[in-house]
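In what follows, a single structure is set out as structure tokens and then discussed.
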Amino acid sequence: MSVIVTSVIIVGAIGIMAAIVLYVVSTKFHVDENPAIEAIESLLPGANCGGCGCNGCHDFAVKCATASSLDGLNCPGAGEEAMRQIASITGLDAGDSTQCVAVVKCNGSCDIRKTNAQYDGEQSCAIKASLGAAGDACPFGCLGCGDCVSSCKWGALSMNPVTGLPEVDNVRCTGCGACVKACPRHLIELRPKGPRGMRVWVACSNKDRGAEARKECPVACIGCGKCSRICPHGAISVEHNLAYIDPASCRLCLKCVDSCPTSAIHSVNFPIKKKTDE
Amino acid sequence: MNKPRTFSTGGIHLDENKLSGLQLVTFVDLPREVTMLMNQHAGNPARPVVEKGDHVKRGDVIANADGLVSAYIHSPISGEVTSVGMVKDAYGKPCEGITIKSDPIDYNIDIEEVHEREAVRTNDDIASLTPDEIVSIVKEAGIVGLGGATFPTHVKLSPPPGFKPEILIINGAECEPYLTNDHALMLAHPDEIIEGTRLLRRATHVPRAVIAIESNKPDAIRLLWGKTAGLDDITVMPLKTKYPQGCEKQLIEAVTGRQVPSGSLPVATGAIVQNVATAYAVHRAVRYDEPLMKRIITVTGDSVRFPGNYHCSIGRSLRSIIEQAGGLPDDTAKVILGGPMMGRTVENLDAPSTKGVSCILILDDKQARRREAEPCIRCGACVNACPMGLEPFLISTLARKGRMEDAAHEKIMNCIECGSCNYACPAARPLLDYIRLGKIGIKAVSKDKKKKLIKWKGH
């Protein structure tokens, strides 16, 4: 019985002494932290994705709390609502932000892409890219090992097993840009999400001359320039045998999509057109 | 006799598989069409100096060296330049190339010249050449390291100030399985190799040259031994057969007993290494004024009909070289440029051969397939095998996890990519794949840092 009593007393005494020490230390070394930082950080997703350009979410919160203006500070992961709340905490105006979303600029799905050799090494895009064309006829296209998928902290990317290409989930994608950095072929671009998610882009990155590009992939952009001629807004430029649609001037008229001879221009989230008999 | 020397750390013993073992060189006629790639040497790609429609003669310069570490490129046939522009190399990557098509009259003249080229310099002329003159002839001839690294030879012959070479090592180790091109060359042209060796020795101001040959080539050792018997500046040294003895750093240690310090040039040990084929090319350049336009390529593989060593023009398409050896076998699964350990798979057989192609190896499905990778059991086989004394399991994991700074700390940049770790791994882990990736990543980071530094200094 006495053993229990003594051990309770000893452990209790140690506990009280430790509590005193901790109390003294915490008062002596107390750091006054801006309460705004904690409040801002609680609004952030905590994914440390780096999409804002800071070293993690805490760093971003510190920058927001100490900044004199929120211009250029934008957390793509938290969304506009959270940015408005951050603005109200700091008492500043929220900076302009365009919600971006990742698009994949390759459309060479498994059934149509041509291959010259078989790759049976490690499944990593980075390794495949270091080997040259890595078996595909097209040296610019998607490598299909999913480096982008593993880089995505939001679960917005997935490999489609049928096409062998990554697919972007519109809702989950925050436009943080981690996949853009992960892709060794630079196939992923951040583009404005567009009204109701409607957007148009050239789903190809092949810079070879038309005839060669055609040989490599039937849905490659051959740089014919038809789209740039037909575009009424002058949004399309062709450089290095590859068309590029400038999202700032594109008005989503879809003329280019219909004009592309290789169907290299993609559009998503447009209402389905009613079929008209001509 | 003393025990043959070798290097101390790591190394593996491989099945030799020297199939094309007749050790004869088959001469292949000039091709009707060649494509010369601009980046077929290490360093800056050459700059084309011809345009479409130009007529060039055999041996004309078609591309100039761009900067110090670069090499001239010469046309191996006379004819018309049909295109200057992007072509695909053997790995499917686009790069600049010049395509030349010969016409029938030029073709016959060229063939005569190939068979009976007259010596331009006599023995006296050669004896009176100064070292600088030899280096400039080598540079003008576009000679690069023919062992496979294709580093421009004239750069290696003029070491940076502060380094004093003491010994020249001529690399006849040929440690990769299947390869016999150097062996065949040593048997076919021993006198020429000795002359080339002497020229290289004089160009580098060293008193002594050693021709190092692995003991699995006794006939070549005996032949060169006999030829160098009376010479006091060139000796032949037999080495124990061990992979990767043909790598520069391992060879230096095997011959001189000195290890190349981490991060410094091999010449820091006082040794300069050149391949036997390079020595032969130097002989051709100095005596015949012939630039580097052809080389010996081993075409081999278990199902190849006529495996052998083919002396053919650089720029000939790989497919046409394989046709010389009886064509592509039906059971071909993989075609590799270089040896089975360090070579890379070809994706485009219509691509031209380059100065660095030493072997075309054709594997069937069973040989080509990799075993499924299993988890690492920490057995240390890769550590034992690594000739650089690294820990491949560790650096490959660090590189895979993206921890580049830690990988650099573990000396990932010392890796010579010989593949011994991959070969030794009982779990068939892709160690080298990730190490290579890590090296690329670190190079990119240091380039980036340099750029930033320049930017920062500019402000």
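Within every chain, numbering begins at 1; the chains are lettered A, B, ... in the order of the sequence lines, protein sequences first and strands thereafter.
The environment of CZ in Arg172(A) is sparse: at most 12 heavy-atom neighbours from other residues, nucleotides or ligands sit within 6.0 Å. For Arg369(B), the CZ atom sits in a loose shell: 12 or fewer heavy atoms of surrounding residues, nucleotides or ligands are nearer than 6.0 Å. Atom NZ of Lys101(B) is surrounded by 12 or fewer heavy atoms from other residues, nucleotides or ligands within 6.0 Å.
Side-chain N or O atoms of Glu212(A) include none that pairs as donor or acceptor with a backbone N or O of Arg209(A) at under 3.5 Å. Proximity of a side-chain donor or acceptor of Asp147(A) to a complementary backbone N or O of Cys125(A) within less than 3.5 Å is detected.
Contacts between residues 412-440 of chain B and chain A, defined by a heavy-atom separation under 4.5 Å, are made by Pro430(B), Asp433(B), Tyr434(B), Leu437(B), Ile440(B).
For chain A, the nearby part of Ala368(B) is the backbone; its heavy atoms alone come within less than 4.5 Å. Both the backbone and the side chain of Arg370(B) come within contact range of chain A, judged by heavy atoms closer than 4.5 Å. Residue Asp208(A) touches chain B through its side chain alone, counting heavy-atom pairs closer than 4.5 Å. Looking at Thr115(A), neither its backbone nor its side chain comes within 4.5 Å of chain B, counting heavy atoms on both sides.
The residue among Lys88(B), Lys93(B), Met86(B) with the most heavy atom pairs within less than 4.5 Å of chain A is Lys88(B).
Interatomic distance, His186(A) NE2 to Ser205(A) OG, rounded to the nearest 0.5 Å: 10.0 Å.
In this structure the side chain of Thr99(B) reaches within 4.5 angstrom of the side chain of Glu33(B), judged on heavy atoms.
Under the 3.5 Å distance criterion, with hydrogens and angles disregarded, a donor-acceptor pair is assigned to the side chains of Asp331(B) and Ser303(B).
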